[in-house]
Amino acid sequence: MNKYDHNKIEKKWQKVWESTDLYKTKRGNGKKSYVLDMFPYPSGDGLHVGHPKGYIATDVYSRLKRMQGYNILHPMGWDAFGLPAENYAIKNKIHPAVAVKKNIKRFKSQLQKIGFNYDWSREINTTDPGYYKWTQWIFLQMYKAGLAFQSHEPINWCPSCQTGLANEDLEDGTCERCGSVVEKRPIPQWVLRITKYADRLLSGLDTLNWPEYIKESQRNWIGRSEGAEIEFKVESLKLKVEEKIKVFTTRADTLFGVTYLILAPEHPILKKLEALISNFEEVEKYQAEVKNKTQIERTAEGKEKTGVQLMGIKAINPVNQEEIPVWIADYVLADYGTGAVMAVPAHDQRDLQFALRFDLKIKPVIAQVNSVAEIFPGLTEAKIESIRKSGFVHLGGGLLVNSGQFDGLLNEDAKEKIASFVGGTTVTNYKLRDWVFSRQRYWGEPIPLIHCPKCGVVPVPEKDLPVKLPNVKSYAPAGTGESPLARIEKWVNVKCPKCKGPAKRETNTMPQWAGSCWYYLRYTDPKNRKRFTSQRAEKYWQPVDMYVGGAEHATRHLIYARFWHKFLFDIGAVSTEEPFQRLQNVGLILASDGRKMSKRFSNVVNPDEIVDRFGADSLRVYEMFMGPFNQAIAWNSDSLVGSRRFLERVWKLREKISKETADETALVSASLLHQTIKKVGEDIEAFRFNTAVSGLMILLNSLEGKEAISAETFKTFLKLLAPFAPHLTEELWGHLGYKKSIHSESWPEYSEKIATSAPITIIVQVNGKTRESFTAKRGEPNERIQEIALALSSVRKWTEGKTIVKVIVVPDRLLNIVVKDS
RNA sequence: GCCGAGGUGGCGGAAUUGGCAGACGCACAGGACUCAAAAUCCUGCGGUGGCAACAUCAUGAGGGUUCGAUGCCCUCCCUCGGCACCA
């Protein structure tokens with residue numbers, strides 16, 4: 001008996017699988033399963049053991065699906081444009097194109113050692129001109145549809161990365177990449193109108209089989225809120241003028257409680273009102289102060305509210321013609337709603353803070369705690385207490401007071417009535433912002449537009465795509481707000497496609513998220529140069545059935561890709577509304593010290609080492625066995641040996657194969673075997689890999705305890721293990737004399753009858769405490785079970801001298817005898 | 001502040017229409033094999049009491065419902081994640 005030499009076995013089969021095209025996607029009809037990983041960005045550091053976890057899961061999943069008879073699309077590629085690649089290149093003084101090539105090579109060889117069943121013939125790379133031609137093509141379609149437009153609004157600017165950023169690229173007002181504090185800069189930008197899709201991005205979530213918290217993140221991010229826009233007249237104290245300020249509110253029910261208006265300091269109406277405002281210098285001074293503050297300073301928690309009253313004007317509350325003062329304050333955001341709000345200090349915490357600071361009127365219009373308790377007798381003490389604590393400000397519901405003819409209405413019912421009474425319009429607002437899409441950096445897809453002094457912005461004709469990124473020596477960011485491409489005159493200066501006159505190329509590039517917005521479509525037809533996708537392939541493979549990746553993409557990649565996909569659906573380029581039907585999030589593998597694996601902490605474990613020492617199959621089994629798939633768990637090299645031991649024991653199990661198996665144990669074995677068939681299949685389907693592996697271990701433990709096992713049993717065991725340990729099982733399958741790969745075998749059939757054929761253990765409880773157990777046939781009638789149980793001497797001990805009140809029998813499980821002292 | 005997920009042995013974790021709490025694995029302890037070690041195999045392994053059979057307590061804390069609660073209800077504590085002057 002030779003020993004389990006994982007190195008020899010794994011290298012051998014990886015070669016065979018490759019040379020026989022075992023995992024090549026079949027052109028097909030019939031049922032399909034598109035199993036996709038979020039493709040990696042090939043960093044210079046190579047893989048650590050955390051990276052493959054998700055890939056192992058999709059590998060196990062797709063192998064199961066293949067054995068179940070599905071046609072599989074399971075591809076891999078590289079998301080290689082973007083800041084990290086460029087910064088790595090600058091730091092190491094290698095051209096990004098060279099660095100990316102090198103890094104991909106390293107990544108790929110690391111991945112291939114783990115024995116994945118990717119169809120590498122479909123490999124894609126977002127930096128390949130044949131690929132980004134179509135990224136540019138999609139951009140042009142968006143441009144033509146009016147979804148890509150130039151904006152002159154100030155944008156988020158990272159002073160360290162020297163580029164503009166999208167809202168999604170910020171983390172608490174800092175650059176998500178480098179942590180620098182982000183500034184506002186007035187640089188013209190290309191922007192994608194993702195807000196047009198806000199509603200569909202929201203409602204589409206309901207159709208998806210995704211983790212609830214990812215959907216919730218997206219809902220929060222989109223931030224839909226329904227309210228009303230209401231106009232307030234503005235009057236000068238001296239002159240007769242007609243100006244209006246429109247506010248957005250979700251609380252029209254509190255309109256009678258408005259005691260002042262507040263404008264964002266950047267509100268455009270201020271210019272118009274200049275002549276009427278007697279303290280305009282003060283206003284300008286405040287505006288300048290605000291402009292110099294970063295977002296962090298402006299929104300810092302616990303910060304005192306600031307503002308300036310606009311002297312010389314007043315506003316009129318449309319509901320009761322009351323005159324109220326108008327203020328500017330930086331707690332009102334210019335780019336949300338109308339940039340102006342009505343302040344109700346009695347029922348809004350922020351307004352209250354402001355009112356207290358500047359000694360403004362507070363006017364409650366919703367009934368107080370006591371009356372609320374009368375109206376809603378169901379309120380708990382704690383709830384009432386919490387309302388009481390908040391003083392007379394209360395944000396909850398209640399009955400209107402001080403509200404004229406609306407007194408006594410439930411505030412929820414009053415919203416619409418009061419809004420329409422003052423001629424307000426129903427409006428829905430979103431927190432989602434349009435996507436700032438241009439970057440002032442080198443390593444990205446050039447935006448395929450041309451600026452002509454005569455014709456304006458002209459799209460590059462489709463036949464001239466791709467607009468190739470020029471190969472240059474100096475690609476460091478300019479820092480001027482212009483892309484480094486602007487320095488390359490030969491590339492910049494072109495003829496206008498329309499008038500043939502001299503024109504210049506757009507020099508900004510696309511953000512790193514662009515390429516990943518549609519790559520899953522490219523895999524269905526990777527070599528097509530003539531069309532965006534082959535409709536036949538697209539229609540067959542879409543949507544992605546199982547998508548696996550990190551939760552950090554919840555409000556970036558996963559929103560962007562859904563947006564592009566919906567657009568492509570609208571222009572008829574794809575056949576589904578949503579790209580990713582089912583999503584699973586992979587939980588991080590932390591270092592054994594509990595921190596993130598990082599070069600910085602020098603706690604990184606390289607998978608190559610693990611594969612060399614323990615084998616790819618051990619790594620795979622261990623990572624699936626560690627714990628729940630979506631949970632973060634620390635790496636533990638000690639535990640890894642448990643998986644290795646498991647495989648060693650499988651290797652030895654074949655010594656027990658015999659033609660003659662003992663009959664009395666056969667039934668128990670067969671029953672457990674079939675229970676395991678069911679369990680492993682269902683657990684993989686539900687991404688409960690840890691319990692699937694443990695089920696296999698239980699089965700192995702049981703088989704090892706037998707004198708002998710049948711070849712049939714061993715074969716079935718190998719098939720169940722095959723998705724997890726593809727090399728070992730392939731080798732053992734070969735030993736059994738099979739020439740065809742185990743991975744193209746079909747999944748074992750589950751028999752309910754055999755699974756339930758073994759005797760079961762019935763638990764006997766007395767007053768809920770377990771006292772005894774006995775074995776019985778499945779499906780034994782309750783009366784019979786009760787009879788057996790009551791006759792047991794160990795049970796009689798507890799019932800003797802007591803009165804049996806009742807007996808509860810749970811079929812095939814337990815019975816509980818309830819007794820009391822007589 | 002709002003929303004979401006979670007809290008079980010020394011460790012990772014298992015068990016859900018409410019039915020044996022601690023599967024499986026790691027670590028640890030004892031034994032077999034060995035000149036010895038490693039590997040392997042066998043046995044034990046939540047706390048307390050007991051030589052043992054066994055009893056008793058125990059799933060973040062406290063209450064409740066139930067024949068029976070890790071799971072359901074109420075109150076509270078803690079951890080992680082998302083959003084956040086979004087009116």
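Chain A is the first sequence line, chain B the second, and so forth, proteins listed ahead of strands; every chain is numbered from 1.
- Across the strands present, B:C83 finds its partner in B:G1; the criterion is a Watson-Crick or G-U wobble pair with both atom distances under 3.5 angstrom.
- Residue contacts shown for A:N816 include a base, since a base heavy atom lies under 4.0 Å away.
- The side chain of A:S639 lies closest to B:C26 when the candidates are B:G13, B:A23, B:C26.
- When the P atom is used for both B:C57 and B:G62, the distance is 14 Å, rounded to whole Å.
- Across all strands, A:D351 comes closer than 4.0 Å to no nucleic acid atom at all (heavy-atom distances).
- Panel note: side chain A:E226, backbone A:T428; no donor-acceptor pair is recorded below 3.5 Å.
- Distance from the side chain of A:T250 is smallest to B:A87 among B:A87, B:G19, B:G4.
- Using a 4.0 Å heavy-atom distance criterion, A:I698 is classed as a sugar-phosphate-only contact.
- Comparing the P positions of B:A53 and B:A15 gives a spacing of 30 Å, expressed to the nearest Å.
- Taking a 6.0 Å sphere around NZ of A:K656, one finds it holds more than 12 heavy atoms contributed by other residues, nucleotides or ligands.
- Note: CG (A:L640) to C1' (B:C11) measures 16 Å, nearest angstrom.
- Atom P of B:A58 sits at a distance of 11 Å from the matching atom of B:A69, rounded to the whole Å.
- In this structure, of B:A14, B:C83, B:G25, it is B:A14 that holds the atom nearest to the side chain of A:N690.
- As rounded to the nearest Å, B:G47 and B:G9 have P atoms that lie 12 Å from one another.
- Residue A:S773 is out of contact with every strand shown, counting any heavy-atom pair closer than 4.0 Å.
- Within 4.0 Å (heavy atoms only), A:V805 reaches no atom of the nucleic acid at all.
- Within 4.0 Å of A:E212, counting heavy atoms only, lies no atom of the nucleic acid at all.
- Atom CG in A:L352 sits about 18 Å away from atom P in B:A87, given to the nearest Å.
- The number of heavy atoms from other shown groups lying within 6.0 Å of NZ (A:K196) does not exceed 12.
- Applying the Watson-Crick and G-U wobble criteria (two distances, each under 3.5 Å), B:C28 pairs with B:G44.
- With B:G82, B:A15, B:A27 as the candidates, the nucleotide lying closest to the side chain of A:T691 is B:A15.
- In this structure, A:S694 does not reach the B:G13 phosphate: none of its side-chain N or O atoms is under 4.0 Å from OP1 or OP2.
- If you check distances only, the side chain of A:K431 never reaches the base of B:C83 with a donor-acceptor pair under 3.5 Å.
- No contact: A:W210 has no heavy atom under 4.0 Å from any strand.
- At a cut-off of 3.5 Å, with distance as the only test, a side-chain donor of A:D351 or A:Y331 sits close to an acceptor on the other residue.
- As judged by a 4.0 angstrom heavy-atom cut-off over every strand, A:L333 is placed among the base-contacting residues.
- Put simply, CZ on A:R433 is 13 Å from C1' on B:C83, counting in whole angstrom units.
- Distance, A:L815 CG to B:G18 C1': 17 Å, rounded to whole Å.
- Using bins of under 30°, 30° to 60° and over 60° for the plane-to-plane angle, the ring pair A:W327/A:F358 lands in the tilted bin.
- Comment: A:K797 does not engage A:E800 in a salt bridge, judged by the lack of any side-chain N to carboxylate O separation of less than 4.0 angstrom.
- Listed nucleotides: B:A87, B:G4, B:C67. Nearest to the side chain of A:Y213: B:G4.
- Side chain of A:T761, nearest nucleotide from B:C20, B:G68, B:A14: B:C20.
- A salt bridge links A:R219 with A:E212: the distance from a Lys NZ or Arg NE/NH1/NH2 to an Asp or Glu carboxylate oxygen falls below 4.0 Å.
- Within the shown strands, B:U75 is the pairing partner of B:A61 under the Watson-Crick or G-U definition, both distances less than 3.5 Å.
- The phosphate of B:G13 has OP1 or OP2 within less than 4.0 Å of a side-chain N or O from A:Q631.
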For nucleotides 39-45 of chain B, read 5' to 3', which letter fits each nucleotide if B means a protein heavy atom sits under 4.0 Å from the base, S means only the sugar-phosphate is that close, and - means neither?
-> -SS----
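- Summarising the geometry, the separation between CH2 on A:W221 and C1' on B:C3 is reported as 16 Å, rounded to the nearest angstrom.
- Taking atom CD1 of residue A:I760 and atom P of nucleotide B:G19, one finds them 15 Å apart after rounding to whole Å.
- Nucleotides B:C74 and B:G4 place their P atoms 14 Å apart, quoted to the nearest Å.
- Counted by atom type alone, A:E168 and A:Y560 present one or more donor-acceptor pairs between their side chains at under 3.5 Å.
- B:G22 and B:G10 are spaced 14 Å apart, taking the C1' atom of each and rounding to whole Å.
- Checked against B:G13, B:C83, B:C26, the side chain of A:P628 finds its nearest nucleotide in B:G13.
- Side-chain nitrogen and oxygen atoms of A:K769 include at least one within less than 4.0 Å of the OP1 or OP2 phosphate oxygen of B:C57.
- If you take CH2 of A:W798 and P of B:C54, they are 11 Å apart, rounded to a whole angstrom.
- In textbook terms, a nucleotide whose glycosidic angle is within 90° of 0 is syn, while B:G68, being further out, is anti.
- The separation of B:G68 from B:G49, taken at their P atoms, amounts to 29 Å, rounded to a whole angstrom.
- Looking at the side chain of A:D330, the nearest of the listed nucleotides B:C3, B:A55, B:C85 is B:C85.
- If you check B:A87, B:C26, B:G12 against the side chain of A:Y336, the one that comes closest is B:A87.
- Remark: B:C54 base-pairs with B:G49; criterion is Watson-Crick or G-U wobble with both hydrogen-bond distances under 3.5 Å.
- For the P atoms, the distance linking B:C51 with B:C42 amounts to 31 Å, nearest Å.
- Applying the Watson-Crick and G-U wobble criteria (two distances, each under 3.5 Å), B:U17 pairs with nothing in any strand.
- Among the heavy atoms of the strands lying under 4.0 Å from A:V341 is at least one base atom, whether or not backbone atoms are also near.
- Cation-pi check for A:R433 over A:W435 is not met; the charged atom does not lie both under 6.0 angstrom from the ring centroid and within 45 degrees of its normal.
- Taking 4.0 Å as the cut-off between side-chain N and carboxylate O, A:E648 and A:K652 do not count as a salt-bridged pair.
- Nucleic acid contact class of A:R771 (heavy atoms, under 4.0 Å, all strands): sugar-phosphate only.
- The side chain of A:M697 sits closest to B:G25 out of B:G19, B:G25, B:A27.
- A cation-pi arrangement is not found for A:K361 relative to A:Y260, the charged atom failing to lie both closer than 6.0 Å to the ring centre and inside a 45° cone about the ring normal.
- The pair A:D348-A:R251 does not count as a salt bridge, with every side-chain nitrogen at least 4.0 angstrom from each carboxylate oxygen.
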